[in-house]
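Structure first, then comments.
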Amino acid sequence: MAASSPRRVLGLQLADGIGRGNMWACLSMAFVATMVISFLPAAQPYILGGVLGVAKADQGKAVGLLGVAAEIAMIASLVWYGALADRFGRRPVVVAGFALCALGTALFPFAGNTTVLVALRVVFALGVAALSGMLSTVAVDYVRDGSRGKSYGLVGLFSGLGAMVAVLALVRLPKIFEDRGMAPVDAARVSFLIIAAVVLAVAALMWSTLSTVKVSATAEHVPLTRLVKEGVALARDPGVALSYAAAFVARADLAVVAGFMSLWVIDYATGERGMSAAEALARGGAVVGIAQTVAVVAAPLFGWLGDRMRRQDVLILAQAVAAVSYLSTLLISDPLGSGMMMVAVLVGLGEIAAITTAGPLLAQQAPAVVRGSAYGVQTLCGAVGILVVSGLGGFLYDAWRPAAPFVISGVSGLLVVAFGLAVRRRVTPLPEEHEPVAAAA
């Protein structure tokens with residue numbers, strides 16, 4: 001039976017059957033998942049240059065290849081993760097995601113060539129797919145509709161803190177071990193193994209702290225293929241279609257910040273300033289860290305707006321902010337200068353604005369019985385976005401200029417703004433569903 005006065009965590013009204021410990025587990029999942037998801041792309045240039053010895057002129061293409069391979073793996077798995085979560089619950093998918101990320105991280109610096117590196121990036125991507133879809137789903141499962149904007153804001157806050165730890169602390173581990181006398185290859189391997197062990201420990205923690213509540217008792221009797229089809233069919237709703245389109249840009253934005261911003265700084269620092277790979281990695285982490293700091297501060301603001309404005313309107317506003325932010329990179333010629341710091345501030349604001357507004361709109365429009373599938377499709381759209389930006393952006397990074405991936409994201413954001421303005425008056429929220437569930441033991 002639903003409680004007459006719902007329990008709260010940090011101002012969030014919890015859904016029926018969800019305890020405070022479950023909500024804190026969700027926020028912890030956001031922190032650690034984003035930490036490891038941000039770390040590996042940011043550390044890729046160090047592995048390519050310092051461990052595998054890939055020439056600087058080819059590193060943009062290599063990063064693009066890794067991104068494309070990862071997104072193909074995500075595209076192949078995302079909708080199935082959502083359907084599995086609707087059938088068996090969120091917790092097993094979350095734990096599997098952390099375990100796959102830990103495996104990919106542990107083996108990444110042991111790759112002997114780019115081909116093996118791509119294969120390990122695929123393993124890691126399968127874990128990222130599970131975590132990305134489930135984080136969005138759990139964030140709305142655990143709270144009532146009136147708190148879903150704030151829920152995404154807090155998830156964005158904890159995610160931003162995780163990204164900051166990744167780019168300000170974890171990427172410095174190889175340099176710390178090198179300063180203690182380790183060879184670059186050994187320093188990388190020890191660093192990645194430590195991080196993998198932490199992620200694996202978190203997987204065990206999630207098993208004991210996430211809720212075992214089934215959001216819908218009927219979904220377990222629905223074939224997986226039907227759940228997938230229903231998630232895709234939801235795109236006929238203008239609000240769902242807008243959310244899917246926004247996810248295409250939002251996830252690509254996250255990939256651009258994590259992968260290409262650090263690559264831009266590292267390339268310039270080693271090629272123009274003569275820094276070592278480890279020093280350049282630390283400088284790249286500092287620039288990305290500024291973006292993530294702004295994201296942490298701004299996440300609650302956009303979450304708050306999501307509960308006080310029409311959700312399609314705040315999404316359109318967020319996409320406009322993100323587009324302007326990413327296009328501002330065209331003004332940068334020295335990524336180690338003060339101008340890059342200002343752009344990093346704008347990029348962090350745009351990144352978190354886009355990420356925190358697409359999910360609540362989808363939660364408002366998707367029935368609970370297929371919510372996992374809907375978020376699987378939404379994350380699939382994000383994977384396609386990353387595929388396009390990583391592939392085309394990686395090519396243009398080498399052939400045109402390092403700002404190319406950011407420009408692609410900015411133009412894509414403007415297209416979503418135009419689409420949103422066209423459909424905003426046709427978005428009709430579904431009534432909130434209240435399904436009595438028993439609390440987890």
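Since this is a predicted model, take the numbers as computed values, not measurements.
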Does the pair Phe108 and Ile47 meet the rule for a side-chain contact (heavy atoms from CB on, under 4.5 Å), with working shown?
CA-CA 8 Å; Phe108 207 67; Ile47 299 298; 4.1 Å; yes
Derivation and outcome, side-chain contact (heavy atoms from CB on, under 4.5 Å), residues Ile195 and Leu173:
CA-CA 10 Å; Ile195 294 166; Leu173 284 178; 4.1 Å; yes
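Shown here for Phe177 and Ala187, the closest heavy-atom pair between the two residues is CB-CB, 3.7 Å. Minimum interatomic distance between Gly350 and Ala322 (heavy atoms only, all atoms of both residues): O-CB, 3.4 Å. Leu349 and Ala298 get closest at one heavy-atom pair: CD1-CB, 3.7 Å. Minimum heavy-atom separation, Ala344 to Ile290: CB-CG2, 4.0 Å.
Going from atom CG of Leu117 over to atom CG of Leu66 covers 5.0 Å, rounded to the nearest 0.5 Å. Atom-to-atom distance recorded for Thr137:OG1 and Leu362:CG is 8.5 Å, nearest 0.5 angstrom.
For the pair Phe98/Met29, a side-chain contact is recorded, criterion being any heavy-atom separation below 4.5 Å from C-beta on. Side-chain contact between Tyr326 and Val249 is absent, with no heavy-atom pair separated by less than 4.5 Å. Here the side chains of Ser243 and Gln312 are not in contact, with every heavy-atom distance at 4.5 Å or above. Two residues are said to be in side-chain contact when any heavy atoms from C-beta on lie closer than 4.5 Å; Leu327 and Leu414 meet this criterion. Phe31 is not listed as a side-chain neighbour of Val155, based on a closest heavy-atom distance of 4.5 Å or more. Between Leu27 and Met23, the closest side-chain pair of non-hydrogen atoms falls below 4.5 Å. Considering only heavy atoms from C-beta on, Val417 comes within 4.5 Å of Leu421 through its side chain.
The ring pair (Phe, Tyr, Trp, His ring centres under 6.0 Å) check on Phe192 picks up Phe39, with sequence neighbours excluded.
In Phe395, the CZ atom is not crowded: 12 or fewer heavy atoms of neighbouring residues, nucleotides or ligands sit closer than 6.0 Å. Within a 6.0 Å radius of CZ in Arg425, other residues, nucleotides and ligands contribute 12 heavy atoms or fewer. For Met341, the CE atom sits in a packed shell: over 12 heavy atoms of surrounding residues, nucleotides or ligands are nearer than 6.0 Å.
The backbone N or O of Phe406 sits nowhere less than 3.5 Å from a side-chain atom of Thr329 that would complete a donor-acceptor pair. Although no hydrogens or angles enter the test, the distance criterion places no donor-acceptor pair under 3.5 Å between the side chain of Ser38 and the main chain of Met35. The closest donor-acceptor contact from the side chain of Arg401 to the backbone of Leu330 lies under 3.5 Å. Distance alone, capped at 3.5 Å, places no donor-acceptor pair between the Thr105 side chain and the Ala196 backbone. Although no hydrogens or angles enter the test, the distance criterion places a donor-acceptor pair under 3.5 Å between the side chain of Asn22 and the main chain of Thr209.
Legend: side-chain hydrogen bond (donor to acceptor under 3.5 Å, both in side chains) pairs involving residues 353-370, not counting sequence neighbours, sorted by first then second residue: Asp237-Gln365.
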